[in-house]
There are 2 protein chains.
Amino acid sequence: MATTTPKADKTRHRILRAAEKIFSKKGFRAMTVREVTREARVNLASVNYHFGSKQDLMQAVIEERFGPINRQRIALIEAARREAHPAPIALPKLIEIMVRPLFELAFQEPGNDTTVIRMIGRCMSEPTDFVQDVNEKTFAEITSLMMEELARTLPDASEADLRLCLFFTISTMIGAIGDEDRFRDVTRRKQTFEDTSEMVHRLVAYVVGGFLRVTHLPKQD
Amino acid sequence: MATTTPKADKTRHRILRAAEKIFSKKGFRAMTVREVTREARVNLASVNYHFGSKQDLMQAVIEERFGPINRQRIALIEAARREAHPAPIALPKLIEIMVRPLFELAFQEPGNDTTVIRMIGRCMSEPTDFVQDVNEKTFAEITSLMMEELARTLPDASEADLRLCLFFTISTMIGAIGDEDRFRDVTRRKQTFEDTSEMVHRLVAYVVGGFLRVTHLPKQD
DNA sequence: GTCTATAGAACGATAGAC
DNA sequence: GTCTATCGTTCTATAGAC
């Protein structure tokens, strides 16, 4: 006997890959079910059959992609905490945990294309309400975990400054991730994100520099 | 006699204000002409009469808003260059020129609302092709001017590193500007961007810290 | 210059045959 | 589980009266 549902799984998978590809380029509103099924080379009706609605499809894409990244970040924080114990995790290490899984998991994909990484950026700036809701829930745990560790690593900084810096950091990452075109315009590089490690290395340095300077700002409140 | 076209100008203006308000919340695709005319309390057909098409309306909104911000930045750079001459402009000063006009011009609006500032962020992450084209043209001059000055201020840094840092900086600004909801989530602040000056002060510190750390990274290429 | 009415196209979703 | 055919909605844009 053959396996039970080979074709269904394949169709489902093809739809998911097509959806994230188109969403990452155009956003939720401009991603039409018609274009997704055309790109996936499946029937128009199959999206509703397998997922229920366009919104349910989008939700499935987000959850499938963001879950692993955050699980890895949480695991890395816990490992780093054990390793450093009882000292706090060093700032560059902490920032790297924030930055690297985002870039590396994205490039584990076959063809090393930038679809996943662009999808994350697109997701963050997506105006549709339900996407924002899913986003908020997906990143709530890692945000509060990161704040805890930042408070340990930089005990003299105010919580308000740390939160503001974390906000800046997420902004930097999202911008750096999502906007490949602007990346090329500004940096004038031929490649896009090919040398991930070099880029991550500099991004970590940039964020660490930012944190240190803000939290060492002369008090003036 | 009364002025010649008081009502036409008023309608045009109402449409522009309504368009940027709705665009800043939802992006180009989700902004419908119907909703714009409803919000502006003008007739549905008036958008096509005054602007030609939805796309032309969007173009008018962008050019009306971005022009003054970039003109002010260019003027500030030239003034700072004269003042510092023959020394280069100090890094914090240069970064402040990049950051502050964006926030301040946005808050000159009546009611101090965040529409303009959100519009800029939304514009930067807008997937529609023609918006990206307008964006690129609008910011090409200020980008190259800023690169010139950065090269003078940080003469030991490689051009590649400076471009990458500038890219990070724009990313940080865009993220910090555009995403009021995430700002509230992460920072847990009740206000949004009320205390602009405090926010700008910290954003400048963050970016300066980032630049300095990346450009002083031990060489390893 | 402003209105109503509507053309014409594209969309999400579903019914029903296979 | 997959297909075709289509319904009902919503959109941009325009024609034509005022």
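Since the model is a prediction, treat every value here as computed from it, not as a measurement. Note on naming: letters A, B, ... go to the chains in the order of the sequence lines (proteins, then strands), and numbering restarts at 1 for each one.
- Of all the heavy atoms in A/Thr153 and A/Leu91, the pair that sits closest is CG2-N, 3.6 Å.
- Distance CD (A/Glu35) to C1' (C/dA13): 18 Å, rounded to an integer number of Å.
- For B/Phe28, the ring pair (Phe, Tyr, Trp, His ring centres under 6.0 Å) criterion is met by B/Phe130, not counting sequence neighbours.
- In this structure, of C/dC11, C/dA13, D/dA13, it is D/dA13 that holds the atom nearest to the side chain of B/Lys54.
- What separates CG of A/Asn48 from P of C/dG12 is a distance of 9 Å, to the nearest Å.
- Distance A/Lys26 NZ to C/dA10 P: 13 Å, rounded to the nearest Å.
- Taking both residues in full, the closest heavy atoms of B/Leu16 and B/Val61 are given as CD2-CG2, 3.6 Å, listed atom of the first, atom of the second, then distance.
- Residues B/Arg122 and B/Lys25 come closest through the heavy atom pair NH2-O, 3.9 Å.
- Going from atom CD1 of B/Ile15 over to atom C1' of C/dC3 covers 13 Å, rounded to whole Å.
- Across all strands shown, A/Ser46 has no heavy atoms under 4.0 Å from either base or sugar-phosphate atoms.
- The aromatic rings of A/Tyr206 and B/Tyr206 lie perpendicular to each other, with more than 60° between the two planes, well past the 30° mark.
- Of the candidate nucleotides D/dT2, D/dT4, D/dA15, D/dT2 has the atom nearest to the side chain of A/His50.
- Toward the 5' end of DNA chain D, the nearer of the two residues A/Asn43 and B/Gly52, judged by each one's closest nucleotide, is A/Asn43.
- Atom pair A/Gln55:CD and C/dC11:P shows a separation of 18 Å (rounding to whole Å applied).
- When the side-chain nitrogen and oxygen atoms of A/Ser53 are compared with OP1 and OP2 of C/dG12, none of them lie within a distance under 4.0 Å.
- Of the candidates C/dA13, D/dT2, C/dA5, the closest approach to any side-chain atom of B/Leu44 belongs to C/dA5.
- Comparing C/dA13, C/dT2, D/dT2 against the side chain of B/Thr11 picks out C/dT2 as the nearest.
- Rounded to whole Å, atom C1' of C/dG12 lies 12 Å from atom CE of A/Met31.
- Among the nucleotides D/dG1, C/dC11, D/dA13, the one closest to any side-chain atom of A/Tyr49 is D/dG1.
- As a whole-Å value, the separation of A/Arg14 CZ from D/dT2 P is 11 Å.
- Going from atom CZ of A/Arg34 over to atom P of D/dA5 covers 13 Å, rounded to whole Å.
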